[in-house]
Engineer: 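Sending over a structure as structure tokens; questions will come in a sec.
We name chains A, B, ... by the order of the sequence lines, and we start the count at 1 in each one.
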2 protein chains.
Amino acid sequence: MPMRKDTAMRKVVERQTGVALWRQIADRIRLAISNGDYDATGMVPPETALAAEFGVNRHTVRSALAALAEEGLVRAVQGRGTMIERKERVSYPISKRTRFSQGLGRQVKEIGTRLLGHAELPATGEVARALDISPGDPVTELRTVSSGDGRPLSVSSSYYPAHRFPRMAEEFEQLHSVTKAFAAHGLDDYVRVSTEIVARHADAEELSMLKLSPGAIVLEALSTNADLDGRPVEYSRSRFAADRMKLKIET
Amino acid sequence: MPMRKDTAMRKVVERQTGVALWRQIADRIRLAISNGDYDATGMVPPETALAAEFGVNRHTVRSALAALAEEGLVRAVQGRGTMIERKERVSYPISKRTRFSQGLGRQVKEIGTRLLGHAELPATGEVARALDISPGDPVTELRTVSSGDGRPLSVSSSYYPAHRFPRMAEEFEQLHSVTKAFAAHGLDDYVRVSTEIVARHADAEELSMLKLSPGAIVLEALSTNADLDGRPVEYSRSRFAADRMKLKIET
DNA sequence: TATAGTTGTCTATATCAATAGACATTTGAG
DNA sequence: CTCAAATGTCTATTGATATAGACAACTATA
């Protein structure tokens, strides 16, 4: 059974699907940029070439490029072409010892985690199950946004058993690091025991927090960290902007 | 600054973003169904209620529900309401010893992997890097679709170094199992060394292979398996229907 | 057997998305 | 300087998307 090669084939976009062609094309070009398809020239192909490639009118391609320019991803110069300003998809490692800022180290110059708010609440069923405590037991919730080079990458809600880590919010506020906040409670090491990953469309809150446009995708990771005795110390629900991140799992 | 609760609030959809309102609403309802928001009644709220909730015309909600009905997710009955037919997400484990059919065992009754085609080709840069061979070295490509209970869950392209596993395609065709095909070449055990996960909109081929509706999301996993000496034996690119699967990472 | 509540269908209108073609403007290379 | 190649702007037309309102058809229940 011979297979057809996909090289230099006309890239198909679908019509009447509720997703405008210019948006589909913008998504595809964004992907091509992050895949490094245009690294040879550092430029996006000419509008006429893209129009032919996708089988659409040049104006439709222009709408797509305008959207990417709005995101700051490309910049068009009359007479020259459309240059790539920034490449996408930071790789986020998930391993036994996942630490947010470490893995991103070389990929982004400046990392920031901002505390949106914190609260002490009774554990819901989901949180209690993950932290191996009883439903209703007090947990500290930290809500954060993390950015790389000024662009939001993820929003997280993390939960800590309040009995064991009573000053989590205060320590984190001072130290700006979960690892250090744990250390302040006398916990020096912890490991990731499980992660569940789901992809879905972003909801309204995520769209605004991550500065995404509607129809955008989030990768949701539900993860549990435990101390070296296996007792869970953190449960968190992180939502990553899917077009800016990939997850790298090291087993 | 006190935070406003989102209960019973008007759910916002955005306009002029290249994503039709009916599709945004369909996505939100699909998410609500899979979250179990409507479990009390087993029905979607009435069209008029949804229209008020999203601040759109009833006809727009009807377009959204028609799309979900097309997917087989809901079924409308005149005079009664719109019933939920299906809500799911199969969990796919990723661990050191990831074997497709094993992990899904209890979740779906009947698993099928169908071979779409195979070929012997020179390794591209990406494949060569992953398999630690030279670009241009021959590799066997297997293209498969896997289904659970009759619904397609994933499409995969897998690559094997042809020198070491010369009969991969034939063995797989007979044995219907990668693990057994490896065994037939004298390889009894292998482990997963790395997995990269990306979420994006499905392209045209994926939409048709996975029987998805346009705008749907795929989870793409790029994974490498190696023998116990650390030599790569398989590189594969699997694309999962995101609204039917979640990935569970065990470290 | 009424009746309230729900989905189904129809008509009409306004706006957005996409196509088509023409031409202007800018850049870089010969 | 000239010209080819690229982006920028404009007009016009068509089809999809969204709104609005009215009413038909069906279901469950009081």
Engineer: Can you figure out which of C/dT19, C/dT7, D/dG8 approaches the side chain of B/A76 most closely?
Structural biologist: C/dT7
Engineer: Using a cut-off of less than 4.0 Å, is there contact between a side-chain N or O of B/R80 and OP1 or OP2 of D/dC26?
Structural biologist: no
Engineer: Between C/dA17 and A/S63, is there an OP1 or OP2 to side-chain N/O distance shorter than 4.0 Å?
Structural biologist: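 Looking at the OP1 and OP2 atoms of C/dA17, neither is under 4.0 Å from any side-chain N or O of A/S63.
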Engineer: If you measure from CD1 on A/I29 to CG on A/L68, what distance do you get to the nearest 0.5 Å?
Structural biologist: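 One finds 6.0 Å between CD1 of A/I29 and CG of A/L68.
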Engineer: Return yes if the base of D/dG8 and the side-chain atoms of A/H59 contain a donor-acceptor N/O pair under 3.5 Å, otherwise no.
Structural biologist: no
Engineer: Given atom CD of B/Q24 and atom P of C/dC16, what is their separation to the nearest angstrom?
Structural biologist: 15 Å
Engineer: Quick one: on DNA chain C, does A/N57 or A/G79 contact a more 5' nucleotide (nearest heavy atom)?
Structural biologist: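 Result: A/N57.
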Engineer: With no angle test and no hydrogens, is the base of D/dT7 tied to the side chain of A/Q78 by a donor-acceptor pair under 3.5 Å?
Structural biologist: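 Donor-acceptor pair under 3.5 Å: yes.
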Engineer: Could you work out which one of C/dG28, C/dA18, D/dA18 sits closest to the side chain of A/A20?
Structural biologist: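 The answer is C/dA18, which lies nearest to the side chain.
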Engineer: Between B/E53 and B/L50, is the side chain to side chain contact (heavy atoms under 4.5 Å, CB included) condition met? List the steps.
Structural biologist: CA-CA 5 Å; B/E53 191 176 349; B/L50 289 169; 3.8 Å; yes
Engineer: Going by distance alone, is a donor N or O of one side chain under 3.5 Å from an acceptor N or O of the other, for B/T195 and B/S223?
Structural biologist: no
Engineer: With a 4.0 Å cut-off on heavy atoms, is B/T82 in touch with a base, just the backbone sugar-phosphate, or nothing at all?
Structural biologist: sugar-phosphate
Engineer: Considering only heavy atoms and no angle criterion, is a donor-acceptor pair shorter than 3.5 Å present between the side chain of A/R58 and the base of D/dG8?
Structural biologist: yes
Engineer: In whole angstroms, how far is the P atom of D/dT7 from the CG atom of A/L68?
Structural biologist: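 Between P of D/dT7 and CG of A/L68: 13 Å.
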Engineer: With the side chain of A/P46 defined as its heavy atoms from C-beta on, choose the nearest nucleotide among D/dA6, C/dG28, D/dA20.
Structural biologist: D/dA6
Engineer: Is a donor-acceptor contact shorter than 3.5 angstrom present between the side chain of B/E47 and the base of C/dT7?
Structural biologist: no
